[in-house]
Amino acid sequence: MPHPPKVNHSRGPKTVKMDPEHLLVAAERVFASEGLKGASIRAIAREAGCDPALIYYHFENKEAVFTTMLDRKFPPLVQELERLSDPADLRHTSERFWEALRTIHRHVGQDAGFRATVRGEMTRGAEGVQDTIAQRVRPLFQALLHLFQQGVQRGHIRPEFPQALGVFFFARLYLEILDTAPIMAQRIACIPVEQALPLAERSWFELYWRGISTRPEDPLPFLEKAKESRS
């Protein structure tokens, strides 16, 4: 007697294997537009093109997704900046700060969603979320502060300049350039989009450095090399 055909009694969508990195990228886009408070696991799943159960398989909740997103970006950036602030590096402080700028660019320069998410949650997020971000930003700030302090000790940076503000201006204003220069330069200054960011980076850095330097009249040859390499 033939056996009856097997019936699949499973309901709902089948589990689809998906790289957690893909889920984090999707979450980043949702957080950037909705904020952590307005985001949901369902919205992240929709953005990622998967079932919400798959996200719950990897993450306990949306807060865990957010924390993992931060830890995906900040530690590698901090490690590079800490190496750059090593006192054994005897390059001129201006060149080391330029390298710090390029390091930030490598890690977050192409990730507008991540920048928007962090900026938004630092300004409008709940206190616990702000603390979570601050814990990850603080080592980055300390690495840049050590670099600034070495510049003062070596006679490259004006000792009367507030050091914490010097670091804040460096990081915060550069991130603003990353967000606005490619758009505003083309629409307002008629600068081709492919030239806007490199030009803005060099021009802003020169203004910044000459504002804190003990010898603002000295040339910055590495900026010319950067210009030639991108021309």
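The shown structure was predicted, so the numbers you read here are calculated from the model rather than taken from an experiment.
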**Message:** Please tell me whether Phe97 and Phe170 form a close aromatic pair, meaning their ring centres lie under 6.0 Å apart.
**Reply:** yes
**Prompt:** In terms of ring plane angle, is the pair Trp98 and Phe222 parallel, tilted or perpendicular, where the classes change at 30° and 60°?
**Reply:** tilted
**Request:** Apply the test side chain to side chain contact (heavy atoms under 4.5 Å, CB included) to residues Leu178 and Glu201: give CA-CA distance (whole Å), side-chain angles for both, the deciding distance (0.1 Å), then the verdict.
**Result:** CA-CA 8 Å; Leu178 286 174; Glu201 286 176 334; 4.3 Å; yes
**Prompt:** Residues in salt bridge (Lys or Arg N to Asp or Glu O under 4.0 Å) with Glu206, at least two apart?
**Reply:** Arg210
**Request:** Could you list all the side-chain hydrogen bond (donor to acceptor under 3.5 Å, both in side chains) pairs where at least one residue sits in residues 59-72, not counting sequence neighbours?
**Result:** Glu21-Arg72, Glu28-Arg72, Asp71-Arg136
When the side chains of residues 30-43 are checked against the rest of the protein, which donor-acceptor pairs come out under 3.5 Å, sequence neighbours left out?
from	atom 1	to	atom 2	distance (Å)
Ser33	OG	Arg29	O	3.3
Ser33	OG	Val30	O	3.2
Ser40	OG	Ala43	N	3.0

**Asked** Is there side-chain contact between Glu82 and Leu140, with heavy atoms separated by less than 4.5 Å?
**Response** no
**Item:** Set of residues satisfying ring pair (Phe, Tyr, Trp, His ring centres under 6.0 Å) with respect to His92, sequence neighbours excluded
**Value:** His156, Trp209
**Request:** Could you tell me whether Phe114 and Phe74 have their ring centroids closer than 6.0 angstrom?
**Result:** yes
**Request:** Report the C-alpha distance between Ile55 and Val65 in whole Å, list the side-chain angles of each, state the deciding distance to 0.1 Å, and finish with yes or no for side chain to side chain contact (heavy atoms under 4.5 Å, CB included).
**Result:** CA-CA 9 Å; Ile55 298 180; Val65 178; 4.2 Å; yes
**Request:** Could you list all the salt bridge (charged side-chain N to carboxylate O under 4.0 Å, His left out) pairs where at least one residue sits in residues 116-131, not counting sequence neighbours?
**Result:** Arg119-Asp179
**Fill in**
By ring pair (Phe, Tyr, Trp, His ring centres under 6.0 Å), Tyr174 pairs with (sequence neighbours left out) none
